[in-house]
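What you see is a predicted model; the values in this text were computed from it and never measured.
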Amino acid sequence: MQGYIIQVNPVKDEDLIVTIISEDSLETLYRFYGARHSAINLGFKIDFEIESSVRSTISRLRDTKHLGFSWLRSHKHLYLWQFYIKLFMPHLRDAHGINSFYFKLLEYSSYMWDKQNPKRVAIESYVKLLEYEGRLFNTTKCFFCEQEITDQEISVIRAFLPAHSSCCKTSSVNTKAFRKLLRDQRSLMLDDEEVDTLWDVLNEGL
Ligand SMILES: [Zn+2]
């Protein structure tokens with residue numbers, strides 16, 4: 001099967017515990033260190049097999065093969081990708097089962113990652129995730145004071161909730177452009193500085 005590595009934890013003797021978003025599940029597997037091994041790194045897409053063991057509660061990760069990305073040689077792209085993908089671990093930690101949405105979202109994001117500013121890909125993907133999880137509140141009211149927001153600039157807090165700039169003193173973005181992002185899942189009306197602002201909000205957690 002195939003999957004994306006969202007967490008790598010070293011354990012004894014260079015063995016690893018690896019968490020992977022696969023096509024329709026979240027897998028946490030044990031990987032023994034061996035002479036013949038392909039690269040395991042946060043964010044990598046791999047092909048792999050699972051070997052269950054009667055002696056252990058955790059199955060083994062086997063026969064891994066790294067499936068590269070076209071942009072893998074770009075340090076900037078890889079750095080941002082790892083930043084983005086590791087947000088999924090705390091978000092999905094308690095999920096008992098996940099369906100193919102998350103794998104498909106990462107397929108889409110990794111494909112698009114070098115087609116435009118990767119931070120745009122991340123925030124557009126995040127809006128898709130919020131919508132899928134039923135957490136997308138396309139409201140015109142402020143999260144804090146619950147009054148209508150009529151200002152041209154809007155502050156955005158975690159989960160992309162809107163607030164008056166006077167109620168929440170964080171960097172603000174253009175209200176119309178932000179609403180278009182939520183409605184159409186497109187960031188084209190936001191300038192790069194506003195995209196940076198929303199990327200920072202995203203990095204507080206999914
Ligand atoms: Zn307010």
For [X], salt bridge (charged side-chain N to carboxylate O under 4.0 Å, His left out) partners two or more places apart:
X      : result
Asp184 : Lys180
Arg179 : none
Glu133 : Arg135
Asp151 : none

So which heavy atom on [X] is nearest to which on [Y], and how close?
X      : Y      : result
Leu202 : Phe160 : N-CE1, 4.4 Å
Leu80  : Pro118 : CD1-CG, 3.7 Å
Trp113 : His77  : NE1-O, 2.9 Å

same_hphob_cluster([X], [Y]) at 4.5 Å side-chain heavy-atom cutoff:
X      : Y      : value
Val127 : Met189 : no
Tyr108 : Tyr102 : yes
Ile50  : Ile58  : no
Tyr132 : Leu105 : yes
Leu67  : Ile6   : no

Parallel, tilted or perpendicular: which fits the ring planes of Tyr84 and Trp81, with parallel below 30° and perpendicular above 60°?
-> tilted

Below 4.5 Å, heavy atoms only, C-beta onward: do [X] and [Y] meet side chain to side chain?
X      : Y      : value
Phe48  : Asp63  : no
Arg120 : Met112 : no
His91  : Leu129 : yes
His66  : Leu72  : yes
Ile149 : Thr140 : no
Phe88  : Leu106 : yes

Under 3.5 Å, is there a donor-acceptor pair between the side chain of [X] and the main chain of [Y]?
X      : Y      : answer
Gln147 : Cys142 : no
Gln82  : Leu42  : yes
Arg62  : Glu49  : no

Can you pull out every salt bridge (charged side-chain N to carboxylate O under 4.0 Å, His left out) where at least one residue sits in [range]? Sequence neighbours excluded, please.
range            : value
residues 71-86   : none
residues 3-21    : none
residues 102-112 : Lys45-Glu107
residues 158-177 : none

Kindly compute the distance separating [atom1] ([X]) from [atom2] ([Y]), expressed to the nearest 0.5 Å.
X      : Y      : atom1 : atom2 : answer
Ser187 : Asn117 : OG    : CG    : 7.5 Å
Leu181 : Leu188 : CG    : CG    : 10.0 Å
Cys167 : Ile154 : SG    : CD1   : 11.0 Å
Leu182 : Glu124 : CG    : CD    : 11.5 Å
Ile123 : Leu190 : CD1   : CG    : 5.5 Å
His164 : Cys145 : NE2   : SG    : 4.5 Å

How would you list all residue pairs meeting side chain to side chain donor-acceptor pair (under 3.5 Å) that involve residues 193-206, not counting sequence neighbours?
-> Lys119-Asp196

Pair Glu51-Leu61, side chain to side chain contact (heavy atoms under 4.5 Å, CB included): steps then yes or no | CA-CA 7 Å; Glu51 183 185 80; Leu61 174 62; over 6 Å; no

Between Tyr30 and Ser59: side-chain donor-acceptor atoms closer than 3.5 Å = no

Check: Ser70/Asp114 side-chain N/O donor and acceptor closer than 3.5 Å = yes

From CA spacing to verdict: side chain to side chain contact (heavy atoms under 4.5 Å, CB included), Ile5, Ile40 | CA-CA 8 Å; Ile5 298 173; Ile40 291 285; 4.0 Å; yes

Lys128 to Phe101, cation-pi by 6.0 Å centre distance and 45° axis angle = no

Does OH belonging to Tyr111 count more than 12 external heavy atoms closer than 6.0 Å?
-> no

Scan the side chains in residues 19-29 for donor-acceptor partners under 3.5 Å anywhere in the protein, sequence neighbours excluded, and list what turns up.
from: Thr19; atom 1: OG1; to: Thr28; atom 2: OG1; distance (Å): 3.2
from: Ser22; atom 1: OG; to: Ser25; atom 2: N; distance (Å): 3.3
from: Ser22; atom 1: OG; to: Ser25; atom 2: O; distance (Å): 3.2
from: Ser22; atom 1: OG; to: Ser25; atom 2: OG; distance (Å): 2.9
from: Glu23; atom 1: OE1; to: Gln2; atom 2: N; distance (Å): 3.0
from: Ser25; atom 1: OG; to: Glu27; atom 2: OE2; distance (Å): 2.7

Give the intermediate values and the outcome of side chain to side chain contact (heavy atoms under 4.5 Å, CB included) for residues Met1 and Asp47.
-> CA-CA 6 Å; Met1 62 176 82; Asp47 191 90; over 6 Å; no

Would you please test Phe44 and Tyr4 for ring pair (Phe, Tyr, Trp, His ring centres under 6.0 Å) and show each step?
-> CA-CA 6 Å; Phe44 278 14; Tyr4 289 85; over 10 Å; no

In chain order, what residues pass the side-chain hydrogen bond (donor to acceptor under 3.5 Å, both in side chains) check against Ser172, with sequence neighbours excluded?
-> Glu153

Going by side-chain heavy atoms closer than 4.5 Å, which hydrophobic residues are tied to Phe143, directly or by a chain of links?
-> Phe137, Phe144, Ile157, Leu161

